[in-house]
Structures are given as C-alpha cells and as structure tokens.
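Here is the structure we will look at.
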Amino acid sequence: MIDAPNVGLVSLFFASILTSNILLANFLGMCSFISISKDFKSSMGLGLAVTMVIGICSAVCWAVLYFIIKPLGIEYLSFIIFIIVIAAVVQMLEMIIDRFSPSLYMALGIFLPLITVNCAVLGVILFMQIRSYNFLQAVVFGFGSGAGWWLAIMLLAAIRTKLDANNAVPAGLKGTGITLITIGFMAMAFIGFSGMIAVQ
Amino acid sequence: MSAYLVGPLAVAGISTVLAFFIALLDKFLNNYGELKVSINAGKKELTVKGGAPLLGTLAEAGIFVPSACGGRGSCGACKCKVKSDVGPHLPTEMPYMSPKEISENIRLSCQIKVRKDIEIELPEEFFSVRKYKTKVEKIRDLTYDIKEVLFALEDGEIEFEAGQYVQLVVPPYGEVVESVQRAYSMSSLPSDKRHVELLIRLVPGGIATTWVHKHLKEGDSVELVGAFGEFHIHDTPATMICVAGGSGMAPFKSMLYHMKETGAFPQKDIWYFFGARTTKDMFYLKEMGELQKEWPRFHFVPALSEPKPEENWTGDVGLITDVLDRYLKEKVDLSKGLEGYLCGSPGMINACINVMKKNNMAEDKIYFDKFA
C-alpha cells in the first residue's frame with residue numbers, strides 16, 4: 001500500500017544523522033539550538049528530549065497518517081493533526097518522566113514542553129510523509145534525526161564553551177552573532193558528508 | 001456535505017482520544033495512595049493523600065506553614081527542612097535559597113510534592129498557628145481603593161505581636177475556581193484578642209483584593225489563618241524610623257497604638273513617614289494627628305508626591321524617599337541610634353533602604369515586610 005523508498009534501515013539512520021542532519025542540512029529547530037547551546041548540561045538534556053520526542057512522535061504520526069488521515073482523505077488537515085499529536089505526546093511523556101524518573105525530569109526541566117513548538121519535530125514528520133517511508137523507516141528516520149539534532153547541539157555547545165573560555169570574540173559579535181557564524185561553518189563541514197549516503 | 005464534516009470530526013475525534021489518554025494517564029500516574037509525613041523526628045505523624053504539594057497537604061492536616069503568596073512560589077516564605085530525599089532543588093526554588101540552605105536541604109514546601117513517606121522539620125510555633133472562623137463586623141472605605149475590614153473571631157482568641165500578619169482565605173468566586181490565601185498585616189491591637197482588622201487595597205486584577213472590594217459584605221463568614229511573621233518592634237532604645245505607603249499603614253497602626261496603650265518600649269522615639277500621591281490616597285490623618293498631640297515621642301510626617309494646588313496641602317511635598325532623606329539629615333535626633341521599619345511595595349522598600357543606608361543606618365537594623 002505504501003510506495004516506500006528502497007533505503008536500508010542502517011544507512012537511513014546514519015544518513016539522517018550526517019548527510020541530512022535536520023539542523024545543519026535542513027536548518028530546522030534553530031531557535032532552541034541557538035538559545036540553549038550555551039552549556040553542555042542543558043544541551044544534553046534538550047538533545048535527549050528532542051530525540052525521544054521526535055522518535056515517538058514519528059511512530060505515532062505514521063500510524064495516524066496511514067490509518068486515519070489517508071483513509072479519510074483529509075490530507076489538507078495533516079498539519080493540524082500532527083501538531084495536536086505532538087502536543088499530546090509531549091504532555092504524556094512529561095507526566096511519565098515526572099513519575100518514574102524525577103532526576104531526568106529535573107534535567108529536562110522546561111525544555112520538554114518547549115519541544116512542542118520545535119519545528120524539527122514537525123519537519124521530520126512532514127519529511128516522513130512526503131518521502132512515504134514505511135513504519136520501520138519512519139521510526140529509524142525519527143530517532144536518527146533526533147540523534148543528529150542532539151549531536152549538532154552538543155558540538156555547538158562544545159565550540160561555544162571553548163569560544164567563551166578564550167574570550168577572543170570581538171564585542172560586537174558576542175552571543176548570537178558568533179553563534180550563527182559558527183553554525184554556518186558547522187553546516188559547511190557537514191556538507192562534506194553529502195552524497196555518501198542518501199535518505200531516499 | 002459529508003466531505004465537509006469528515007475533517008472537523010476527525011480532528012475532534014483524534015483530540016478526544018488523546019485527551020482521554022492524558023486523563024487516564026493522569027489518574028493512574030498521580031495516584032500515590034496514602035503516605036506518612038513525619039514532623040520533628042516523629043513528634044507528629046500525619047497520614048495524608050500523596051501527589052499534592054507539601055504546603056497544601058500540611059494545611060489540610062491543620063498545620064499552617066506561612067506563605068504570603070499562597071503557594072505560587074513567589075514569596076519564598078514557606079521554607080521548611082526536609083530530612084528525607086525528595087530529589088534535587090527545583091529551578092523554581094533556587095532564587096529563594098542561600099548555599100547554606102541548599103546544603104541543609106531547606107525546601108519551599110509549596111514546590112515539592114509528597115510522593116513518598118517524608119520526614120520534615122518545622123518550628124514548634126507553627127503548631128500554634130490555626131484557622132479562625134470569623135464574621136465581617138464592619139467594612140469602611142478609607143480611600144477610593146483602600147478598605148478597613150474588621151473581623152470578629154467566632155471561635156477562640158488570637159495571640160499575636162504588633163506587626164504580624166494573617167492569611168485571608170478567599171473562597172472560589174466568579175471565575176476563580178480554587179480557594180486562595182493572601183497575607184495581610186493586622187492593624188488591630190494585640191490586646192483585642194477577639195477582633196482582627198485588616199487594611200486592604202484594591203489591586204487591579206488581584207484575586208483576593210477584588211473579592212474583598214467587590215464581593216465581601218458585612219455579616220459574611222470568612223476564615224483567617226495566623227498569626228505569622230517576623231515583623232515586630234525590637235526592644236532597644238534606638239529611635240524608630242517607620243516608612244509606609246498605602247495599605248502599608250496596617251502594621252504601624254497596630255504597633256503605634258499598642259505602644260501608646262501599654263507604654264511599652266518607653267525609651268523609643270518614633271518617626272512615622274507616610275507617603276501618598278494626592279489627598280485622595282491619604283487616610284488616618286486625623287487619627288495620627290491626635291496621636292501625635294497626645295504622645296510627645298511620636299512624630300507623624302505625612303507627605304504627598306503630587307498634590308494639586310486646589311487641595312491646599314500644608315504638609316510635606318515630595319517622594320517619600322526624598323522627604324525621608326531630608327528629615328534624616330535635618331530633623332531626626334540621631335543620638336540614640338536608628339532602626340528602620342518599612343512596609344509597602346517592593347519598589348518603595350528598596351528605595352527607602354537605599355536612602356537609609358546612605359544616611360549611615362546599618363542594613364541589619366532595617367526591618368521590613370515586603371508584599372509582592
């Protein structure tokens with residue numbers, strides 16, 4: 001029923017981390033990427049949260065897409081429905097983590113609810129839709145993209161920590177300015193991976 | 001026709017199912033069953049329903065930890081020491097904690113939830129704090145936005161020190177679905193143990209003040225919890241420099257009449273600076289004037305910041321901080337030392353502390369009640 005692309009799961013996983021990094025190749029999920037990447041600990045928490053949310057949401061949204069949206073022919077509402085599903089999944093995840101792992105809940109803190117409006121999550125789901133992945137591909141692509149986002153924010157946090165420690169940045173560039181330039185360099189570096197493996 | 005309905009119905013259906021799952025999860029996850037709270041190494045044992053913040057859980061059991069904001073985490077008053085492990089300090093607690101308090105695991109009881117058996121320490125005097133049933137005996141307009149409300153206690157007597165506060169229990173009304181508590185300083189005399197008087201200024205959008213101003217009538221039943229607070233007259237010969245604005249009058253009214261009535265702290269001179277914008281905001285002028293006439297060691301300095309010419313104001317003019325500065329430099333006798341007593345908005349208090357420090361008053365001799 002689904003015309004899934006002929007991509008192996010392993011290569012899809014690495015492709016979504018490296019060649020099609022959701023942040024550095026598609027520039028999605030930028031706002032939290034820039035604002036939270038000041039230190040390692042928060043980046044770690046946010047990366048973990050994004051990975052979990054993207055992975056779970058792409059699985060749930062895949063089911064919603066192929067069992068509800070397509071049979072009913074309401075593709076024009078898919079954006080709204082995906083957003084509702086993401087919000088609900090984030091809410092449930094928050095409650096579960098709060099109950100079973102207070103320390104992780106503490107580490108994620110305010111980031112978990114913020115992820116609801118992170119465009120990387122919706123972006124991955126929409127890619128999943130237009131590339132017509134099958135279920136396993138969708139899940140692997142979801143977790144892979146999340147891991148890619150996590151990797152990117154950890155790298156950026158590392159670079160920013162080094163930059164701040166050196167105090168060599170001109171005053172006018174401090175903060176967001178130098179961060180955007182850094183992200184540009186990182187994106188160029190990641191382009192080096194392009195063509196090695198493909199997501200579709 | 002059906003083509004138009006499918007979309008909205010599908011969205012509604014999906015939302016309903018998800019909401020149902022969330023509700024189910026909530027019911028299942030937030031059910032902690034019955035838990036034990038052990039206070040002061042087993043001196044008091046409570047069996048409570050788990051899942052709610054410690055502050056509310058204790059209040060339900062009749063133990064009232066002071067809280068000026070009513071559990072919103074904005075006053076930092078409800079600190080208590082937790083001896084069992086309830087997880088690390090939350091970001092919402094950090095602004096109110098010193099490093100020493102963090103190392104002793106002092107927590108804000110409104111922020112931590114009771115999720116397993118818990119051991120805490122509370123000062124003994126909290127056990128004497130109780131809830132009073134009262135009837136509103138009299139409501140009087142002092143200004144267009146400040147009311148003087150007199151509550152008659154119906155069960156028992158209240159023991160308090162002049163300067164302390166009570167929490168007013170506001171029942172749900174209109175669009176407010178939860179009962180809230182707000183702290184107000186008592187303006188009545190400690191010797192009148194059957195009455196409590198509060199001065200309540202209408203804060204636009206304020207839950208408690210709107211209720212008092214728009215809904216409360218004479219004869220209504222109201223609950224008060226108290227008495228709380230560290231704000232009191234210190235037993236030294238130093239001269240009191242009291243500064244208040246608006247309903248910040250309350251604790252000073254209580255302190256002044258208490259001192260006058262009992263002759264307590266006979267060595268203390270008292271300067272009382274009261275600031276308002278115009279005569280419309282000014283009240284108790286006559287009462288304070290009479291008090292000053294009968295009581296030589298008391299000096300009352302009312303000041304208006306924006307008097308209109310037609311008001312014929314003969315008193316001091318200027319921001320209360322400027323008036324205070326002027327008097328500290330020119331009129332106040334400094335020989336016995338000075339103590340600051342402040343009550344009002346955080347902005348006014350911070351500004352007054354600055355003026356007092358500039359006039360060589362020691363910061364640890366400046367006492368205040370800050371109502372955020």
Side-chain angles (χ1 to χ4, degrees), chain A residues 36 38-39 41-42 45-46 49 53 56-57 59-114 116 121 125, chain B residues 1-33 35 49-54 72-74 82 84-95 97 102 105 107-109 111-118:
Chain A
I36 307 298
K38 281 190 202 78
D39 66 281
K41 211 175 137 228
S42 327
L46 187 61
V53 170
I56 293 169
C57 281
V60 176
C61 286
W62 187 91
V64 171
L65 176 65
Y66 288 102
F67 293 115
I68 300 175
I69 296 180
K70 293 224 168 179
L72 292 176
I74 50 169
E75 279 91 347
Y76 65 96
L77 282 174
S78 54
F79 277 57
I80 293 177
I81 295 174
F82 288 153
I83 288 285
I84 295 173
V85 171
I86 293 169
V89 168
V90 169
Q91 180 70 48
M92 287 189 227
L93 211 58
E94 190 181 358
M95 285 157 65
I96 293 170
I97 295 173
D98 186 19
R99 173 76 206 239
F100 293 108
S101 175
S103 55
L104 179 61
Y105 184 73
M106 280 290 302
L108 296 181
I110 186 75
F111 304 131
L112 203 52
L114 276 180
T116 311
V121 183
I125 289 161
Chain B
M1 186 63 193
S2 66
Y4 298 113
L5 281 177
V6 171
L9 283 179
V11 173
I14 291 171
S15 308
T16 313
V17 171
L18 290 172
F20 175 74
F21 274 120
I22 291 176
L24 204 69
L25 212 57
D26 185 46
K27 198 164 172 52
F28 166 71
L29 287 179
N30 280 334
N31 180 10
Y32 292 82
L35 299 173
K49 213 169 140 278
L54 180 61
R72 291 178 302 171
S74 66
V82 178
S84 52
D85 178 34
V86 288
H89 283 76
L90 301 166
T92 42
E93 293 176 272
M94 293 312 267
M97 298 288 160
I102 290 173
N105 206 24
R107 308 298 297 257
L108 287 191
S109 63
Q111 296 299 307
I112 54 169
K113 287 185 176 166
V114 184
R115 296 188 152 134
K116 50 188 174 187
D117 293 352
I118 183 172

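Values in this document were obtained by computation on a predicted structure and should not be read as measured data. Residue numbers start from 1 in every chain, and the chains themselves are labelled A, B, ... in the order their sequence lines are given, proteins ahead of strands.
When heavy atoms are compared at a cutoff of 4.5 Å, Ile14(B) approaches chain A solely by way of its side chain, counted from C-beta outward. For a residue to count as touching a neighbouring chain, one of its non-hydrogen atoms must lie under 4.5 Å from one of that chain's; by this rule Leu72(A) touches chain B with backbone and side chain alike.
Heavy-atom minimum distance, Ile74(A) versus Gly7(B): CG2-CA, 3.7 Å. Residues Ser15(B) and Ile84(A) approach most closely at OG-CD1, 3.7 Å, considering heavy atoms. Of all heavy-atom pairs spanning Phe28(B) and Arg99(A), the tightest one is O-NH1, 4.4 Å.
The environment of Phe20(B) atom CZ is sparse: at most 12 non-hydrogen atoms of other residues, nucleotides or ligands sit within 6.0 angstrom.
Summarising the geometry, atom CG belonging to Asp26(B) is positioned 8.5 Å from atom CD belonging to Gln91(A); distances are rounded to the nearest 0.5 Å.
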| said: Pair Leu18(B), Met92(A) - check side-chain contact (heavy atoms from CB on, under 4.5 Å), show working. | reply: CA-CA 9 Å; Leu18(B) 290 172; Met92(A) 287 189 227; 4.1 Å; yes

| field | Check against side-chain contact (heavy atoms from CB on, under 4.5 Å), Met95(A) and Ile22(B) | value | CA-CA 9 Å; Met95(A) 285 157 65; Ile22(B) 291 176; 4.0 Å; yes

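In terms of heavy-atom pairs under 4.5 angstrom with chain B, the leader among Ile69(A), Val89(A), Ile96(A) is Ile96(A).
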